[in-house]
Amino acid sequence: MIALVRYMSTVLLLSQRHLAPLLLFLGLVAVLTSSDTGPLTATYAAVAGALLPCSVWLTTALVGLEDQPHRSIVVVSAGSRLRVLLATVGTAALWCLLLTAVGLVLPLMLGAHTPAPADLVLGTAAQLTCAFTGMAVGLVCSRLVFRRQGYALALALLLLLAVLLGEGVSPVHTMLTHLQGTPDSSAALVPTSLLLIAATGLLATAVAVTQAITRRKA
């Protein structure tokens, strides 16, 4: 347990690899929501869409933080590969939660909005749906699954396009389409919450697949 705490602290605080996707997210949100006066459903849909590629990048960066020998040492200290994988996923989820908070507040500062509680709940659910989906993509395209990062990058781009544009492929396309056409946050809250549950299941599946592949490679 002590080894896992040290590992998460190192990944969370000392690594600089998370800075690029974090700065990308801040830049995208600023560009997409500056001087915005439209309904918050569409605004938070745009913010959620911006979080999708950033969460993919963030997850792959955090998973690939150490080289294989160092990760093996952490695995031995932690007691299992699954614990280390879950610690990494938890760290990525924590960063995504922080970005979600930023994605809720920044559009209100840059645009002209008067949010209701339903707007904030909807914005949180929408961003977490994209974040969990992006984390799932990042896991299956990480160094734990692919030794050659060129293949991993190509697959990540294809999966991102499928997630964004493919109808019925993931919760993201359905959610973004629905939010763009629904100006009432209260009406969109239940469908978005159900899609968040689906995205959580997708992330759990990606963790299981990554763990199975990692175990076979060991």
Side-chain angles (χ1 to χ4, degrees), residues 3-4 6-12 14-22 24-25 49-97 99 127-166 168-173 195-218:
L4 279 180
R6 290 177 178 175
Y7 172 74
M8 291 185 67
S9 300
T10 300
V11 173
L12 185 62
L14 301 181
S15 170
Q16 300 299 309
R17 295 190 182 185
H18 60 270
L19 289 180
L22 299 187
L24 174 62
F25 179 71
L51 186 53
L52 178 66
C54 296
S55 60
V56 174
W57 190 355
L58 178 64
T59 303
T60 55
L62 293 177
V63 172
L65 184 61
E66 308 98 347
D67 53 22
Q68 187 59 41
H70 185 266
R71 190 176 185 88
S72 298
I73 295 173
V74 176
V75 168
V76 172
S77 301
S80 72
R81 296 181 182 276
L82 180 59
R83 289 181 182 179
V84 178
L85 178 60
L86 292 177
T88 306
V89 172
T91 305
L94 181 56
W95 275 116
C96 288
L97 285 173
L99 289 180
Q127 290 185 79
L128 290 180
T129 298
C130 286
F132 289 170
T133 303
M135 288 172 60
V137 173
L139 279 178
V140 298
C141 297
S142 67
R143 285 176 53 183
L144 296 177
V145 178
F146 288 91
R147 298 183 186 275
R148 297 186 178 182
Q149 289 303 290
Y151 294 156
L153 177 60
L155 178 61
L157 292 176
L158 289 175
L159 289 178
L160 275 175
L161 288 175
V163 163
L164 283 171
L165 304 178
V169 174
S170 79
V172 171
H173 176 80
L195 292 171
L196 173 58
I197 295 173
T200 304
L202 187 64
L203 176 57
T205 302
V207 170
V209 170
T210 303
Q211 171 64 10
I213 294 175
T214 303
R215 184 182 300 173
R216 290 190 62 181
K217 286 184 176 182

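- In terms of heavy atoms, Ala152 sits closest to Phe146 at CB-CB, 3.9 Å.
- Shown here for Ala136 and Leu202, the closest heavy-atom pair between the two residues is CB-O, 3.9 Å.
- The shortest non-hydrogen separation linking Ala206 to Val140 is CB-CG1, 4.1 Å.
- Side-chain atoms of Trp95 and Leu62, non-hydrogen and from C-beta on, do get closer than 4.5 Å to each other.
- Nearest heavy-atom pair, Ala92 versus Leu58, reported as atom, atom and distance to 0.1 Å: O-CD2, 4.1 Å.
- Contact of the Ser142 side chain with the Thr59 side chain is not registered, since no non-hydrogen atoms from C-beta on lie closer than 4.5 Å.
- Within the 4.5 Å cutoff, the side chain of Leu159 has heavy atoms near those of the Cys141 side chain.
- Considering every non-hydrogen atom in both Gly49 and Cys130, the closest pair reads N-SG, 4.1 Å.
- Counting all heavy atoms, side chain and backbone alike, Ala131 lies closest to Leu51 at CB-CD2, 3.7 Å.
- The closest side-chain heavy-atom distance from Phe132 to Thr129 is not below 4.5 Å.
- His173 places a side-chain N or O within donor-acceptor distance of the main-chain N or O of Leu164, the cut-off being under 3.5 Å.
- Using a 4.5 Å heavy-atom cutoff, the side chains of Val89 and Met135 are in contact.
- Leu144 places a side-chain heavy atom less than 4.5 Å from the side chain of Leu85.
- In this structure, Leu203 and Leu139 have side chains that are in contact, with non-hydrogen atoms separated by less than 4.5 Å.
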